[in-house]
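Right, one structure below, let's go through it.
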Amino acid sequence: MNTATRELYVRIRAFSIDEGQPVLSFETRLARENDWSIAFARRVEAEYKRFVFLAMTSGHAVTPSTVVDEAWHLHLMYTRSYWQRFCGDVLGRPLHHEPTRGGPDEDAKFRRQYQQTLTAYRETFDEDPPADIWPRPSARPGPGCPIVSKSVARRAGLATAALACVVTVTGCGAAMNPFDLPGVTFLKFLIPLLAVALIIGYMWREWLRGPGPQPDDKAPQIDWDEAAYLAAIGRGRGAERLSSAAIARLAAAGAVRV
C-alpha cells in the first residue's frame, strides 16, 4: 500500500458505524437478525470494512460474500452513518450497492467478480480470506438466488409447525367435547394434547431466545471462587460452598491449619 491507501484503510478500520453508545449496537443487531454470535458478527463487520477498502482501491468491480452483504445491507439502513459519515467523511465518494438484473449473464458476471474479489483480497492483505466468511465461489449462492437469514428461516418453520399443531388440536376439540369422553379415551386425547403443548412451548422458547454458542466463540473462563459458588447456588448454599473452598485453598497453601 502507498501512503494514501494506507491512510484510507486506517480510517475505514477506525470508523464506528454506531453514533454514541446505543443500547442496541450495530454488531448486536447484525448478530440478532442473522442468528449469529456476537463474536462472529464482529468478524463479519471487520471483513465488511475490508471489502469496502477493496471496492475503493482494487480498480475493478468487487462482489461481497453472502454474510458480508448482510452487513452491507444493514449498514445501508443507517442512512446518516452510511452516506454522510462513511461515504462522505471517510471514503470521500459514494459507494453504491448495485443489485443484479437477473439472468444467466448476470450470474456469470457476479461469479467472475467474486473470484476477482478473492484474488484482490489475497494480494492486498497478503493472506487468504477466512473460509467461513468468504466461501469458495462454488459454495457461494448466486446473485439470483434468494437469500434468507437463518433466524428468519428458523422462525418461519417454527411458526408453521406451531400453527399446524394449533389447527389440529382446534379441529379435534370442535368435533367433540373432551370432557364427555370416558377415562381411557380421555387419556388418549389428553396425552397427545400435552405433547403438542410441550412442542409449542419449546418452539416459543426457541423463538424468543437469542443466538446460541457458535464454533468461533471463546470458551467461558471462570475462577475457582466463581466455580465454587455456582456449584451450590441452585441449592441455596453458594456462600457456604465458597467459604469451604476458600478455607481449603488456604490450608493447601499452608496459610492456616484446620
Side-chain angles (χ1 to χ4, degrees), residues 1 5-6 8-18 24-78 81-82 86-87 90-91 95-100 106-154 210-219:
M1 300 183 188
T5 55
R6 186 178 296 106
L8 174 62
Y9 185 51
V10 171
R11 292 200 306 271
I12 292 175
R13 288 188 60 186
F15 177 77
S16 175
I17 295 176
D18 294 313
L24 183 62
S25 66
F26 175 83
E27 62 184 25
T28 303
R29 188 187 299 272
L30 185 63
R32 178 178 298 181
E33 293 188 1
N34 292 280
D35 199 16
W36 298 337
S37 69
I38 295 295
F40 186 75
R42 189 175 295 117
R43 291 179 55 218
V44 171
E45 182 182 351
E47 292 300 319
Y48 161 63
K49 291 180 177 180
R50 283 192 164 191
F51 163 75
V52 170
F53 179 73
L54 293 176
M56 302 299 295
T57 61
S58 63
H60 57 76
V62 293
T63 295
S65 67
T66 301
V67 295
V68 170
D69 199 40
E70 290 288 341
W72 195 3
H73 285 169
L74 183 58
H75 193 190
L76 283 165
M77 295 177 60
Y78 291 60
S81 170
Y82 185 82
F86 194 48
C87 292
V90 175
L91 305 183
L95 177 61
H96 293 282
H97 188 293
E98 299 290 346
T100 178
E106 284 283 287
D107 182 70
K109 181 187 76 172
F110 278 102
R111 290 185 181 276
R112 183 172 59 254
Q113 287 180 184
Y114 183 67
Q115 181 63 66
Q116 293 174 339
T117 303
L118 298 184
T119 301
Y121 187 107
R122 297 185 184 96
E123 293 175 350
T124 301
F125 302 112
D126 197 26
E127 61 179 291
D128 289 329
D132 56 341
I133 298 178
W134 296 92
R136 299 187 309 276
S138 59
R140 181 186 183 275
C145 300
I147 298 174
V148 181
S149 66
K150 291 187 290 184
S151 62
V152 172
R154 186 183 69 175
Q214 301 293 319
D216 60 308
D217 287 346
K218 294 182 179 179

(message) Tell me the closest heavy-atom pair linking E70 and W36, and the distance in Å.
(response) CB-CH2, 4.1 Å
(request) Decide yes or no for V67 and N34: does some side-chain heavy atom of the first lie under 4.5 Å from some side-chain heavy atom of the second? (result) no
(request) Side-chain contact test, heavy atoms from C-beta onward, threshold under 4.5 Å: evaluate it for V62 versus Q116 and give yes or no. (result) no
(message) How close do V52 and I12 get, counting heavy atoms only, and between which atoms?
(response) CG1-CD1, 4.2 Å
(request) Measure from the side-chain N and O atoms of S58 to the backbone N and O of L54, and report whether any donor-acceptor pair falls under 3.5 Å. (result) yes
(request) Compare every heavy atom of R11 with every heavy atom of V90, then report the nearest pair and how far apart it is. (result) O-NH2, 3.1 Å
(request) Could you pull out all residues at least two apart from H73 that satisfy side chain to side chain contact (heavy atoms under 4.5 Å, CB included)? (result) D69, H97
(message) Rounded to the nearest 0.5 Å, what separates atom CZ in F40 from atom CG in L30?
(response) 9.0 Å
(message) Please check this pair: side chain of S65 against backbone of I133, looking for a donor-acceptor N/O pair closer than 3.5 Å.
(response) yes
(request) Using modelled atom types only, decide if a donor and an acceptor are shared between the side chain of T117 and the backbone of T63 within a distance under 3.5 Å. (result) yes
(request) Determine the sole option in F86, W72, Y78 for which the ring-ring contact (aromatic ring centres under 6.0 Å, His included) test with F26 is passed. (result) Y78
(request) With sequence neighbours excluded, give me every salt bridge (charged side-chain N to carboxylate O under 4.0 Å, His left out) pair touching residues 56-65. (result) none
(message) As an exercise, state the distance from CD of E123 to CG of L118, rounded to the nearest 0.5 Å.
(response) 11.5 Å
(request) Using the side-chain hydrogen bond (donor to acceptor under 3.5 Å, both in side chains) rule, collect all pairs that involve residues 44-54, keeping only residues at least two apart or in two chains. (result) Y9-R50, E47-Y121, E47-W134, Y48-H75, R50-Y121, R50-E127
(request) Please report the C-alpha distance between M56 and L8 in whole Å, then the side-chain angles of each, then the deciding distance to 0.1 Å, and finally whether the side-chain contact (heavy atoms from CB on, under 4.5 Å) criterion is met. (result) CA-CA 9 Å; M56 302 299 295; L8 174 62; 4.0 Å; yes
(request) State, to 0.1 Å, how close L95 and C87 come at their nearest heavy-atom pair, and which atoms those are. (result) N-SG, 3.7 Å
(message) Nearest 0.5 angstrom please: R42 CZ to T28 OG1, how far?
(response) 8.0 Å
